[in-house]
Visitor: 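Before anything else, here's the structure in question.
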Amino acid sequence: MWLCFVYLLDAEHTGGAMQSISKIDEQLRMTANAMVSHDKGLLAMDESVATCNKRLAKQGIPQTVETRRRWRELMVTTPSLQESISAVILFDETIRQQTTDGKPFAQFLTDAGIIPGIKVDTGATEMARHPGEKITEGLDGLRLRLAEYAGMGARFAKWRAVISIGNGIPSHGCIEANASALARYAALCQETGVVPVVEPEIIMDGEHSMQQCFDVSEKVLRTVFKELYHQRVMLEGMILKTNMVLPGLSCPKQESTDDVADATVQCMLRAVPAALPGIAFLSGGQSSEQASARLNAINIRYKSHTPWALSFSFARAIQQPAMGIWNGREENVAAAQKALQHRAKCNLLARRGL
Ligand code: 13P
């Protein structure tokens, strides 16, 4: 009898646990799908303090906590942003900030029908004994940080690994270490009910050809998905954010928009499992127009032929024109917001592939 009671208790316990796990999985699937549905995409505004300051400095705008807050407020409060943008990636400083009216940014976005998310890696640093290569840090204490961010309203997270192409690089060690960190981060996110945006980025800087970018992208993506499998990450509840397949910025041969679209989708088809809801491309230093044109070509040629949505998660390609117009001045806010809205809309149309 006692044994039977223990068994029942145990069964109940297991049943409960299974139920709550599948509830989390269901929530992850729903959030991931919502992030890539209706032809909308992500606005990345998760620059670290140093990167945001660098961009402000380039425009001659003072680099203070308050100017960063005002810049982020301008973006978050852009009218009709939710018509083109499904989700916004915030940074630790930003998720703790509020609009001038005192509403936390994450709350403001949620109320506007936009899903707030958060960058959780702590940046890429030089990789030991791997000159010219970087490893992304941030796993220490991540479980607790994720719980805190989820409490602030974040429903997804982002972790960026950077891979450079050059003489003898990327090395196997660099690819493996970054892929492993991405997968461990993704598993921790899913445990918390937060959708991981898994971002391996092949950097555009360099003289490498589009074929080299193709080969490295394929290798990196295959390694990342192998690690995600080993860490039991549910592919239906995550988003891949990655680079388009492009020639290096200093490569003398620059392929056409259609060639870039073909190479990009061919590479993804080889390396990205069909269970994934969507791929969100980063802009990576392309001009705003170029990034939209290439996304448009990708969707014109492949929209209904791929198992996943072909979306965007742009920072520079959406923000840059607006920042130039704003110039740190209150009287330019409306015009800057119009420019931001315009870029967001261009990318919505590019997703439709018209
Ligand atoms: P860019 O679109 O500027 O490359 O930024 C993407 C990114 O990784 C920021 O989250």
Side-chain angles (χ1 to χ4, degrees), residues 35-36 40-56 58-59 68 71-72 75-76 84-95 109 114-124 134 136 138 149 154 156-164 178 181-182 185-186 189 195-206 213 217 220 224 238-246 248-249 260 264 278-295 298 310-324 340 343-344 346-347 350-351:
M35 288 167 70
V36 292
K40 298 183 196 179
L42 278 62
L43 164 61
M45 43 174 277
D46 59 325
E47 294 83 4
S48 63
V49 169
T51 305
C52 189
N53 282 347
K54 212 162 67 188
R55 302 208 173 133
L56 291 170
K58 225 171 149 182
Q59 304 289 333
R68 288 194 297 276
W71 168 237
R72 263 79 187 246
M75 291 192 278
V76 162
S84 320
I85 298 296
S86 56
V88 165
I89 317 176
L90 302 169
F91 178 64
D92 182 77
E93 178 182 71
T94 320
I95 201 169
L109 290 165
I114 296 175
I115 303 170
I118 179 82
K119 169 196 172 82
V120 297
D121 67 74
T122 54
K134 294 199 162 161
T136 301
Y149 290 137
F156 72 95
K158 188 200 96 163
W159 178 292
R160 173 174 175 257
V162 295
I163 308 285
S164 297
N178 275 294
L182 275 169
Y185 136 82
C189 286
V195 169
V197 173
V198 172
E199 181 181 2
E201 174 178 1
I202 317 301
I203 300 292
M204 272 174 82
D205 296 330
C213 179
S217 300
V220 168
V224 167
M238 63 160 273
I239 301 291
L240 173 69
K241 170 166 175 165
T242 198
N243 52 284
M244 295 178 192
V245 173
L246 301 167
L249 279 173
V260 165
T264 301
I279 301 173
F281 294 106
L282 55 93
S283 58
Q286 304 173 72
S287 71
S288 304
E289 294 77 15
Q290 221 171 20
S292 302
R294 286 166 170 166
L295 183 66
I298 284 171
L310 295 158
S311 186
F312 62 92
S313 174
F314 295 160
R316 282 163 285 182
I318 295 181
Q319 295 183 30
Q320 251 162 8
M323 188 183 265
L340 194 90
R343 284 310 338 151
C346 287
N347 293 310
R351 274 210 59 188

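Atoms within each ligand, like the ligands themselves, are counted from 1 in listed order.
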Visitor: So if I count the atoms of ligand 1 from 1 in the order they appear, which ones are less than 4.0 Å from some heavy atom of D46?
Guide: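 Counting atoms of ligand 1 from 1, those under 4.0 Å from D46 are 9 (C), 10 (O).
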Visitor: Within a strict 4.5 Å, meaning less than it, do heavy atoms of the P196 and W159 side chains meet?
Guide: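 Not in contact.
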Visitor: For E201 and ligand 1, does the shortest N/O to N/O distance drop below 3.5 Å?
Guide: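 Among all N and O atoms of E201, none is under 3.5 Å from an N or O of ligand 1.
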Visitor: What I want to find out is whether E93 reaches K119 closely enough, with some N-O distance under 4.0 Å, to be called a salt bridge.
Guide: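 No, this pair does not count.
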Visitor: How close do Q286 and A291 get, heavy atom to heavy atom, and via which atoms?
Guide: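 Answer, listing the atom of Q286 first, then A291: OE1-CA, 3.7 Å.
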Visitor: Do R68 and T94 pair up side chain to side chain, a donor and an acceptor below 3.5 Å, judged on atom types alone?
Guide: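 There is no such pair (donor and acceptor under 3.5 Å, judged by atom type) between the side chains of R68 and T94.
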Visitor: Which of the numbered atoms in ligand 1 are under 4.0 angstrom from any heavy atom belonging to F314?
Guide: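 Checking each atom against F314, I get 2 (O).
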Visitor: Closer than 4.0 Å to some heavy atom of K158 - which atoms of ligand 1 meet that?
Guide: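 In order of number, 7 (C), 8 (O), 9 (C), 10 (O).
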Visitor: For atom 1 (P) of ligand 1, which of S313, G117, S283 has the closest heavy atom?
Guide: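 The nearest heavy atom belongs to S283.
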Visitor: For atom 3 (O) of ligand 1, what's the nearest protein heavy atom and its distance?
Guide: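 Here the closest protein heavy atom is R316 NE, 2.7 Å.
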Visitor: Looking at every non-hydrogen atom in both residues, tell me the closest pair between L182 and A161 and how far apart they are.
Guide: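 Scanning both residues, the minimum pair turns out to be CD1-CB, 4.0 Å.
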Visitor: So if I apply the side-chain contact (heavy atoms from CB on, under 4.5 Å) rule between E47 and each of Q319, R316, K54, which one comes out positive?
Guide: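 Testing each of Q319, R316, K54 against E47, the sole residue satisfying side-chain contact (heavy atoms from CB on, under 4.5 Å) is Q319.
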Visitor: Has G284 got any heavy atom lying under 4.0 angstrom from an atom of ligand 1?
Guide: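 Flag set, G284 near ligand 1.
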Visitor: Does only the side chain of E47 get under 4.0 Å from ligand 1, or the backbone, or both, or neither? Count heavy atoms.
Guide: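 Looking at E47 and ligand 1, no heavy atom falls under 4.0 Å.
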Visitor: Tell me which part of A44 gets within contact of ligand 1: side chain, backbone, both or neither, using heavy atoms under 4.0 Å.
Guide: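 The side chain, only.
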Visitor: What residue and heavy atom of the protein are closest to atom 5 (O) of ligand 1, and at what distance?
Guide: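 For this ligand atom, the closest protein heavy atom is A315 CB, 3.2 Å.
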Visitor: Pick out which of L240, I239, V245 makes a side-chain contact (heavy atoms from CB on, under 4.5 Å) with T242.
Guide: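 Answer after filtering L240, I239, V245: L240.
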Visitor: Given Q319, K119, K241, which one has a non-hydrogen atom that is nearest to atom 6 (C) of ligand 1?
Guide: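 The option holding the nearest heavy atom is K241.
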Visitor: Measure the distance from atom 8 (O) of ligand 1 to every protein heavy atom, then report the residue, atom name and distance (to 0.1 Å) of the closest one.
Guide: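 Its nearest protein heavy-atom neighbour is E199 OE2, 2.7 Å.
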Visitor: Grab the two heavy atoms, one from M238 and one from V195, that are nearest each other, plus how far apart they are.
Guide: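 The answer is CA-CG1, 3.9 Å.
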